[in-house]
Asker: 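Take this structure, written in structure tokens, and hold onto it; I'll ask about it next.
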2 protein chains.
Amino acid sequence: MRQRIGIKEVAAAAGVSTTTVSHALSGKGRLPEGTRARVREVAEQLGYRPNVSARKLGGGSTGLLALAVSQVEDLTFQLGDFDYFASLIREATTAALDRGYALAIAPAAAAEDALHKIPADGALVVDPVPDDASIAYLRGQGVPIVTTGRLLDDGDGYWVDNDHAAGVGRVLDHLHAVGARRIALVAPRSFASYIVDVRAGYAGWCAAHDCEEIVGIAPDVTEQGGFAASSALLSDPDPPDAIYAVLDRLAIGVLLAAAAADVDVPGDLRVAACTDSVAAQTARPPLTTLGLNPEQIGREAIGLLIDLVEGLPVSPGHRLVPTTLIERESTLGSPARAR
Amino acid sequence: MRQRIGIKEVAAAAGVSTTTVSHALSGKGRLPEGTRARVREVAEQLGYRPNVSARKLGGGSTGLLALAVSQVEDLTFQLGDFDYFASLIREATTAALDRGYALAIAPAAAAEDALHKIPADGALVVDPVPDDASIAYLRGQGVPIVTTGRLLDDGDGYWVDNDHAAGVGRVLDHLHAVGARRIALVAPRSFASYIVDVRAGYAGWCAAHDCEEIVGIAPDVTEQGGFAASSALLSDPDPPDAIYAVLDRLAIGVLLAAAAADVDVPGDLRVAACTDSVAAQTARPPLTTLGLNPEQIGREAIGLLIDLVEGLPVSPGHRLVPTTLIERESTLGSPARAR
DNA sequence: ACCTTATGCATAACCGCTTTTGCAAGTCAA
DNA sequence: TTGACTTGCAAAAGCGGTTATGCATAAGGT
């Protein structure tokens, strides 16, 4: 009948009061280092685990951060890229644990309800959508928030994202350098800031390079969506000679559409994608991608969030994470020609 | 300065005591229907939301469950199937929240350390590996554990999994029914129970149907792994006429290998996979898959875990979740021939 | 009419932890 | 010596609920 070890048990074992234990563990109060260390040791030995609920109730912090992944109601939002999210979340979790925090998942479905039920000190919202109910709720609660990708309807606040403006330019420059002159963009409608940014970057680049803007709107963010959008583009009398898809899964759909339409990639069509992944790497031909360094995004976002939670001084505004262009056959073509 | 509405405010507004409010809302105590309804209405109007932490404090539990996703050190374990895990975790999270628990992520790396820092009442370990350090640690702490997929080195304990034995039979019967006679299995080496189960089921089926066992071992669980394993199989002088891959990503690799080797699917090779996903659905040709109903697995596992945490009576042992065969072109072939 | 039992609700004691306050003992300057 | 600070720790008051207990009053049995 192993009973939970609470602060009381620790206090008894250490021969001090519960107040002292609380202070020793939290680092607050006035205690000599000696007592502090002794209490900590006893707590450790007894395997003391604080009760999160009790902490929260007493007005303290719980050491819990909510991780909310936004969703779009009317769009089949199947999480565009698995590897991206997995990397981001993995790194975020690790970074949080390093500083003594745990990440609790708030499902996108009942996000608001979930956030109410999770006694979190702060929240990380991944790819928020405009008028995000969970964000409004968190704001009301006064809970610190950091988003990855900025809020479209409110660019203020703290967010971490890639430098998409620079990233788009890099990809388009690359496509142009390998000979593309009619570069199309395949993207879903703009439900998240990075899509807006990429589209804006694309428009700007086209204007600067005197190129026609060709945009194919994908109905969803899966391979199907990419297939549909690019099939339409390819059947045009004056089809593009390059396609940049804003998600790797869309790009894989583009490759499928090209194969179906007997268009040679990269001979007649160069294809590139935003977001690197194993799937992009193993596609036929392997896809040139813009790596987004999700690990770094996750790490920075969590660092920022914890600073906010702990009331540490942070410089206001956002953080930009660089992108990495990964050149593969889908735009380079030499290995394909070698065949 | 809108203040929180607690049970106290509701009590004042309804002209009753906090006890009555608590009883009215929880359905306990002795109250006439009239009072109950009135209090509920007032609570509703005031937008009362119970404080989860306070509620938990009364009970013994802390309201935190750890979600550990095991990993294999020396295998590139990129999470075989995204959709599967996403569905499972989403449903598990929702089920947990419904019962007032939050799910905290314990990263596979540093799992033990992470679990130590997360003051959880119980843990859900997804696809544990043999000699899992995190499980040993949790056992030592006396924390209730439920795994999805059983522990290879210890089948006892509580676990939830698909009825793989039945599932394999269903797929192989299907492949046999559509004419396959040399059915190969593509699988990574056995790091998890479901792979062991599928391989055992496959071996049993082959023995029962007097078929030769042909197994291609994938070096990892990505498209690359499937490509490598099936390329080897297809270059055999007497190649298989069907391949069953234990993960959808492997199967997509199989499709790529078939295309590279100019083998027609499903004409010359039927391909099926375990685990359904959008990627499988949009593959060319669309893949016949065995759906694993991850939602149900997640829900049952969490239900079981919370019962254990709360000391509710549970029947010992495991829970089996049925599979669903989803037939698509990769084994049916008619649409392909129609081309 | 009187005692018992059921009914309707309030009082108060927790739950585990944080935090404010209080108090004794030690330190120090005047 | 003495008042003014520190220092080291404990007592006690919440936090927002749940639940055991108590106590009127009403209903039912004899």
Side-chain angles (χ1 to χ4, degrees), chain A residues 3-40 42-43 46-64 100 116-121 141-143 309-311, chain B residues 3-40 42-43 46-64 99-101 119-121 309-311:
Chain A
Q3 67 159 52
R4 261 200 83 80
I5 289 168
I7 202 176
K8 225 180 291 181
E9 284 70 30
V10 176
V16 294
S17 74
T18 57
T19 310
T20 303
V21 174
S22 176
H23 282 162
L25 296 176
S26 67
K28 299 185 179 173
R30 300 175 311 210
L31 288 182
E33 239 353 278
T35 310
R36 233 177 257 284
R38 191 159 45 81
V39 171
R40 284 203 168 124
V42 171
L46 263 51
Y48 165 72
R49 304 289 222 38
N51 181 313
V52 181
S53 300
R55 266 210 181 145
K56 180 76 176 180
L57 199 50
S61 66
T62 59
L64 263 192
H116 177 76
K117 290 181 180 169
I118 299 175
D121 296 332
Q141 298 288 303
V143 175
V309 166
E310 298 184 344
Chain B
Q3 66 157 49
R4 250 199 74 80
I5 287 167
I7 202 174
K8 228 180 286 183
E9 283 70 32
V10 176
V16 293
S17 74
T18 59
T19 309
T20 303
V21 174
S22 176
H23 282 161
L25 296 176
S26 66
K28 299 184 179 174
R30 300 174 310 206
L31 288 182
E33 238 355 276
T35 311
R36 232 178 258 283
R38 190 158 45 83
V39 171
R40 282 200 170 126
V42 171
L46 264 52
Y48 166 73
R49 306 280 287 282
N51 181 314
V52 186
S53 300
R55 194 175 265 181
K56 274 290 149 202
L57 199 48
S61 53
T62 72
L64 247 198
R99 291 184 63 176
Y101 287 78
D121 290 334
V309 166
E310 297 185 344

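Convention: sequence-line order gives letters A, B, ...; per-chain numbering from 1.
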Asker: Do Thr20(A) and Ser17(A) have a side chain donor and acceptor closer than 3.5 Å?
Answerer: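 On atom types as modelled, these side chains qualify, holding a pair under 3.5 Å.
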Asker: Return the value, rounded to whole Å, for the distance between atom CZ of Arg30(A) and atom P of dA25(C).
Answerer: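 In whole Å, dA25(C) P and Arg30(A) CZ are 16 Å from each other.
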Asker: So among Val52(B), Thr62(B), Val309(B), which one has a side chain to side chain contact (heavy atoms under 4.5 Å, CB included) with Tyr101(B)?
Answerer: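 Testing Tyr101(B) for a side chain to side chain contact (heavy atoms under 4.5 Å, CB included) against Val52(B), Thr62(B), Val309(B) leaves exactly one candidate, Val309(B).
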Asker: Between Arg36(B) and His23(B), is there a donor-acceptor pair closer than 3.5 Å when you use the side chain of the first and the backbone of the second?
Answerer: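 Pair found, side chain donor or acceptor close to backbone of His23(B).
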Asker: For the pair Arg55(A) (side chain) and Pro50(A) (backbone), establish whether a donor and an acceptor sit closer than 3.5 Å, ignoring hydrogens and angles.
Answerer: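 Looks like no, no N/O pair under 3.5 Å.
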Asker: Going by side chain to side chain contact (heavy atoms under 4.5 Å, CB included), Tyr48(A) matches just one of Val21(A), Leu25(A), Val39(A). Which one?
Answerer: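 Running side chain to side chain contact (heavy atoms under 4.5 Å, CB included) over Val21(A), Leu25(A), Val39(A) with Tyr48(A) returns exactly one hit, Leu25(A).
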Asker: How close or far is atom C1' of dG17(D) from atom NZ of Lys56(A), stated in whole angstroms?
Answerer: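 After rounding, the reported distance stands at 15 Å.
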Asker: How many whole angstroms separate atom NZ of Lys117(A) from atom C1' of dG16(D)?
Answerer: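 Those two atoms, NZ and C1', are 17 Å apart.
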Asker: Base, backbone or nothing for each nucleotide of nucleotides 11-18 of chain C, written B, S, -, heavy atoms under 4.0 angstrom, 5' to 3'?
Answerer: BB--BBSB
